[in-house]
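Structure, as structure tokens:
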There are 4 protein chains.
Amino acid sequence: MKTKKEQILNSALTLFGTHGFDATSTNKVAKAAGVSEGLIFRHFQSKKGLLNAVMASGVERAEQSYNEILSLKKPKDVLRGIIELPFSIEKKEHSYWKLLYSLKWQAGEYEDNSSAQLKKGLNKVFKDLKYKDPKAETEILLSIMDGMAMTILLRNPRNKKAILEVLLKKYKL
Amino acid sequence: MKTKKEQILNSALTLFGTHGFDATSTNKVAKAAGVSEGLIFRHFQSKKGLLNAVMASGVERAEQSYNEILSLKKPKDVLRGIIELPFSIEKKEHSYWKLLYSLKWQAGEYEDNSSAQLKKGLNKVFKDLKYKDPKAETEILLSIMDGMAMTILLRNPRNKKAILEVLLKKYKL
Amino acid sequence: MKTKKEQILNSALTLFGTHGFDATSTNKVAKAAGVSEGLIFRHFQSKKGLLNAVMASGVERAEQSYNEILSLKKPKDVLRGIIELPFSIEKKEHSYWKLLYSLKWQAGEYEDNSSAQLKKGLNKVFKDLKYKDPKAETEILLSIMDGMAMTILLRNPRNKKAILEVLLKKYKL
Amino acid sequence: MKTKKEQILNSALTLFGTHGFDATSTNKVAKAAGVSEGLIFRHFQSKKGLLNAVMASGVERAEQSYNEILSLKKPKDVLRGIIELPFSIEKKEHSYWKLLYSLKWQAGEYEDNSSAQLKKGLNKVFKDLKYKDPKAETEILLSIMDGMAMTILLRNPRNKKAILEVLLKKYKL
DNA sequence: CATGAATGAGTATTCATTCAT
DNA sequence: CATGAATGAATACTCATTCAT
């Protein structure tokens, strides 16, 4: 059986992800987790502390995915891996990603710097592949990834496979 | 001189856009607009009513841009116009777009269907230009647009011009 | 009929005076005053703001008494007036004085500087009356006043008259 | 090395004395004492129980001082001893006395009856010394002591020695 | 004896909304 | 049309206290 701390983290992730951080009261989190409200503060100090804990537990997994791909040897493999990333978000991870993206629009709420390494890695890939303007290409691909994530998380189109194929072809993969 | 109703709309747009809908109290909006709090409710019934009014006034301008571009005759001109769109968001419109995007991540807060026509139009363009999978191409371009908007509104990269050029070249424009 | 703001001030004075500032919740004040809790904050910003308002309304009356006495011409009249002061606290003013004295023991809660002028005045009186050590005499009389106030407010002895007489005789009045 | 129970008592005295009883949480006491919060309740049942224990340990010392002085044979020695009392409060005892006095203003918090014997003793002294109204004299001296304690604990005047001398002269000591 | 997780009632304060003027 | 006093429900957070270990 899960510890109460984990129950709180789970409930918080789901609620923050679906209704947003501001719109989710600690009271709701406590009820969803089946614990007293006070316990949240004993474990996480503040609501923002809870948010940070929720994010931290997700960031780990995300960074792992990144780094695994970035450490591949052939640049083309890296590129493919990165592009495939948004398409491989599992259902049970949706809450986490929704939360992450919604936070990006809320200034100051949460600082995300996981993309710094990703940027570096992509830049190198485009250089290795002799693209003319690697920096611009990096920004474009990062944007595509963010946009694709948005599309998949919010609109969930049926033709994801077809989309991925077309996308890969654009990068000659 | 602006009517008090307009003052409220302006202040609400700015505040909602910078601090978010939830984090902006009607009290703050009233003070920023220099009116009494009660007046907000006389004019807009509820806080959500104010949000809807704010969005409506923005949607109008947005749709106008869309439609102007979509009504161009040459498919390539349409394509170029659409792609250029995120790059041409004016500073004073940032609040509106930030608000729009942040709302997209908050289920139920606001329903955006402005993209339906855009989707249709793009689909036709890609068909006319003989792209193999127009539906997938449409989804990709919409995603690129969302992603580019995110990039520009949140990270504001310096090499916007270069990015746009590379992007246009990808579509042979 | 009294305004709600005044009702709040009255209830706060009574409750703060009898149970102390910390032990009195804004909820209790609101209920005692027959108003909503929110109104307290609309009028006084914070609980401490309420305390300040409560004290300010009392300080005025207190300083008036002081100054009236200090402005008497004959030093002996001043001395008698000051000594009689603690004995003339009216029942309906007990809450205020209890609150004032209890606050003196709570560092930082409320800054009382009303005694500065009183000190000056007494010093002059003792000089005029050729007492050997006016400064020490002043400190002693101030202490006697504080002590008498304590005695009267907390123990309320039956022989107040007799006490006053003995006290006056000590100062040859 | 001190027992944990004593550590709790010490920390409680200091904190209660400096910040007040209400403003001091059992959590703070536990942390200051370096023990678990639960232990406080094992030893003292409740927060008020802790308060009583803190006071009791102080009352003992205080009563000892009283009784020592009251048992002196010459009435004048008793009088001098009592008057000197407030001037001989040691720095490390300040917390205790501040707490005691602040509690006197909080109805019901703590019942102080230590002064009963003191009253009796003083009454006898004034009778022995043929003062005209011993009861009134007793009340006055008790008030002076309370007032002096207040002065010393809160304002800490520099001319304490001079004050004491003048005071003793008033009682022909 | 001692801990620390857990609770439930309570805290000051905020907020959207109403309404008499 | 416009105000501002007033409300009641909600909010994040605190606290004294309990209890299993």
Side-chain angles (χ1 to χ4, degrees), chain A residues 3-5 7-8 21-31 33-51, chain B residues 3-5 7-8 21-31 33-51, chain C residues 3-5 7-8 21-31 33-51, chain D residues 3-5 7-8 21-31 33-51:
Chain A
T3 72
K4 299 214 169 187
K5 197 174 174 183
Q7 284 170 248
I8 294 172
F21 177 70
D22 283 319
T24 304
S25 67
T26 50
N27 178 18
K28 272 178 201 153
V29 175
K31 273 183 184 151
V35 302
S36 71
E37 211 175 340
L39 193 57
I40 292 176
F41 296 90
R42 178 158 270 275
H43 280 310
F44 305 101
Q45 278 75 254
S46 67
K47 195 187 174 188
K48 206 167 174 181
L50 173 58
L51 174 63
Chain B
T3 71
K4 298 208 170 188
K5 196 175 173 181
Q7 285 170 249
I8 294 171
F21 177 71
D22 284 314
T24 304
S25 65
T26 50
N27 177 23
K28 273 179 198 150
V29 174
K31 272 183 184 153
V35 302
S36 71
E37 215 172 339
L39 194 57
I40 292 176
F41 293 86
R42 168 162 282 276
H43 280 310
F44 305 100
Q45 280 70 254
S46 70
K47 195 188 175 189
K48 205 167 176 182
L50 173 58
L51 174 63
Chain C
T3 70
K4 299 214 167 187
K5 196 174 172 181
Q7 285 169 248
I8 294 172
F21 177 71
D22 282 319
T24 304
S25 68
T26 50
N27 178 18
K28 273 178 199 152
V29 174
K31 272 183 184 151
V35 303
S36 71
E37 213 174 339
L39 194 57
I40 292 176
F41 295 89
R42 177 157 270 276
H43 281 309
F44 304 101
Q45 278 72 257
S46 68
K47 195 187 173 188
K48 205 167 176 181
L50 173 58
L51 174 63
Chain D
T3 71
K4 297 210 170 188
K5 196 174 172 180
Q7 284 170 251
I8 294 171
F21 176 71
D22 284 314
T24 304
S25 65
T26 50
N27 177 24
K28 273 179 199 150
V29 175
K31 273 183 184 153
V35 302
S36 72
E37 216 172 337
L39 194 56
I40 292 176
F41 293 87
R42 167 161 282 275
H43 280 309
F44 305 100
Q45 280 69 257
S46 69
K47 194 188 175 189
K48 205 166 178 181
L50 173 58
L51 174 63

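Letters A, B, ... mirror the listed sequences (proteins, then strands); counts begin at 1. FYI, side chains are in, hydrogens and waters are out, and symmetry mates aren't considered; it's all heavy atoms of this structure.
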For the backbone of C:T24 and the side chain of C:K47, can you confirm whether one donor and one acceptor N or O come within less than 3.5 Å of each other?
yes
In DNA chain E, stems of three or more consecutive pairs, Watson-Crick or G-U, each with both distances under 3.5 Å, turn out to be E:2-21 with F:2-21
For [X] and [N], is the shortest distance between a side-chain N/O and OP1 or OP2 below 4.0 Å?
X     : N     : result
D:R42 : E:dC1 : yes
A:K4  : E:dT7 : yes
A:H43 : E:dG4 : no

Which protein N or O atoms sit under 3.5 Å from an N or O of nucleotides 11-13 of chain F?
{"from": "F:dA12", "atom 1": "OP1", "to": "A:K47", "atom 2": "NZ", "distance (Å)": "2.8"}
{"from": "F:dA12", "atom 1": "OP2", "to": "A:T26", "atom 2": "N", "distance (Å)": "2.9"}
{"from": "F:dA12", "atom 1": "OP2", "to": "A:T26", "atom 2": "OG1", "distance (Å)": "3.1"}
{"from": "F:dC13", "atom 1": "OP2", "to": "A:K47", "atom 2": "N", "distance (Å)": "2.6"}

Taking atom NZ of D:K5 and atom CG of D:L50, what is their separation to the nearest 0.5 Å?
10.5 Å
Report the distance from atom CZ of C:F21 to atom CG of D:D22, rounding to the nearest 0.5 Å.
11.0 Å
Atom-pair distance ([atom1] on [X]; [atom2] on [N]), nearest Å:
X     : N      : atom1 : atom2 : value
C:I8  : E:dT13 : CD1   : P     : 14 Å
C:F44 : E:dA12 : CZ    : C1'   : 16 Å
C:I40 : E:dT14 : CD1   : P     : 13 Å
C:L39 : E:dC15 : CG    : P     : 17 Å
A:Q7  : E:dA5  : CD    : C1'   : 13 Å

Nearest heavy-atom neighbours spanning B:I8 and B:F44
CG2-CE1, 3.7 Å
If the condition is side chain to side chain contact (heavy atoms under 4.5 Å, CB included), which residues does D:K28 pass it with, not counting sequence neighbours?
D:L15, D:S25
For B:E37, which residues count as a side chain to side chain contact (heavy atoms under 4.5 Å, CB included) partner, sequence neighbours excluded?
B:T26, B:N27, B:A30, C:R42
